[in-house]
Amino acid sequence: MKKLLLSAILMAFSVALFCCKKDPEPDCGCAGPTMLVIKNTRAVHEGAGLFTFTHPITLNKISAWACDADSLWAKSENSEIPDYTIAGNLKKECFFGPTSMIVFPSIEITAIRKD
């Protein structure tokens, strides 16, 4: 009887230990899934890694934070005239509930060129 009980406890412990995910996959931000691949898109660098460009599908202006901002990127002189060409993976913005701040999505820049 003791062996059966011990075996049942060990089996339950093993299932609990190996079946659960240790770290859940992020569902937003730089580590989250790619929502859209951006290719050869003209953009304005607003500063501090924030880029504004035209969404290739909706044609709306969109701003996104670069996941790995480079301090060598110069801020665009005119916010109406794109002077960068970028490519990258647009990520889903992280929404944590109503806030007074604007929440921008992230973009993993895969190629960038100053024009």
Side-chain angles (χ1 to χ4, degrees):
M1 184 70 175
K2 284 185 179 182
K3 285 185 178 184
L4 184 61
L5 184 59
L6 184 60
S7 294
I9 291 172
L10 284 174
M11 179 72 88
F13 180 73
S14 296
V15 168
L17 183 64
F18 294 110
C19 289
C20 64
K21 260 188 167 172
K22 292 184 179 35
D23 294 322
E25 294 292 322
D27 63 350
C28 66
C30 291
T34 297
M35 302 304 288
L36 180 69
V37 176
I38 306 290
K39 296 180 182 178
N40 297 321
T41 301
R42 305 278 296 140
V44 171
H45 183 226
E46 307 286 350
L50 182 66
F51 286 90
T52 300
F53 51 91
T54 301
H55 192 284
I57 297 172
T58 66
L59 302 179
N60 294 330
K61 290 276 185 185
I62 186 170
S63 295
W65 290 108
C67 291
D68 295 313
D70 190 331
S71 62
L72 298 177
W73 296 336
K75 183 177 175 182
S76 298
E77 290 182 26
N78 186 336
S79 64
E80 300 298 318
I81 302 172
D83 58 351
Y84 279 88
T85 301
I86 63 172
N89 301 315
L90 189 63
K91 306 292 186 161
K92 179 181 173 188
E93 66 269 2
C94 294
F95 181 72
F96 300 108
T99 179
S100 60
M101 294 176 53
I102 298 172
V103 179
F104 295 115
S106 301
I107 185 167
E108 179 184 26
I109 304 267
T110 56
I112 186 167
R113 182 181 76 236
K114 176 100 163 100
D115 300 327

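Model, not experiment: these values are computed from the prediction.
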Which residues pass the side-chain hydrogen bond (donor to acceptor under 3.5 Å, both in side chains) test with D27, not counting sequence neighbours?
none
Donor-acceptor pairs are to be reported for all side-chain atoms of residues 46-53 against protein atoms at under 3.5 Å, with residues two or more places apart or in another chain.
{"from": "E46", "atom 1": "OE2", "to": "T52", "atom 2": "OG1", "distance (Å)": "2.9"}
{"from": "T52", "atom 1": "OG1", "to": "S63", "atom 2": "OG", "distance (Å)": "2.8"}

Sorted by first residue and then second, give each disulfide (SG to SG under 2.5 Å) pair with at least one member in residues 42-105; sequence neighbours left out.
C28-C94, C30-C67
Using 0.5 Å steps for rounding, measure from the CG atom of D68 to the CD1 atom of I109.
9.5 Å
Check residues 33-41 and write down every donor-acceptor pair under 3.5 Å in which the side-chain atom is one partner and the other belongs to a residue at least two apart or another chain.
{"from": "T34", "atom 1": "OG1", "to": "K91", "atom 2": "NZ", "distance (Å)": "3.2"}
{"from": "T41", "atom 1": "OG1", "to": "K39", "atom 2": "O", "distance (Å)": "3.2"}

When you group the ILVMFWY residues by side-chain heavy-atom contacts below 4.5 Å and let the links chain together, are I62 and I107 in the same group?
yes
Applying side chain to side chain contact (heavy atoms under 4.5 Å, CB included), can you list everything that pairs with N60, at least two apart in sequence or on another chain?
T58
I'd like to check the side-chain hydrogen bond (donor to acceptor under 3.5 Å, both in side chains) partners of K92; sequence neighbours left out, ordered by chain and number.
none
Salt bridge (Lys or Arg N to Asp or Glu O under 4.0 Å): pairs with one or both residues in residues 48-66, sequence neighbours excluded:
none
What pairs meet the salt bridge (Lys or Arg N to Asp or Glu O under 4.0 Å) rule with one or both residues in residues 74-87, with sequence neighbours excluded?
D83-K114
Which pair of non-hydrogen atoms, one from L90 and one from A64, has the smallest distance, and what is that distance?
CD1-CB, 3.9 Å
Side-chain heavy atoms under 4.5 Å apart, restricted to Ile/Leu/Val/Met/Phe/Trp/Tyr: what other residues fall into the cluster of I81, or is it alone?
none
Does G29 offer a backbone N or O that forms a donor-acceptor pair with the side chain of S106 under 3.5 Å?
no
With sequence neighbours excluded, residues passing side chain to side chain contact (heavy atoms under 4.5 Å, CB included) with S71
none
Can you list everything that forms a side chain to side chain contact (heavy atoms under 4.5 Å, CB included) with A31? Sequence neighbours excluded, please.
P26
Among residues at least two apart in sequence or on other chains, which ones pass side chain to side chain contact (heavy atoms under 4.5 Å, CB included) with P82?
R42, V44
State, to 0.1 Å, how close Y84 and H45 come at their nearest heavy-atom pair, and which atoms those are.
CE1-CB, 3.6 Å
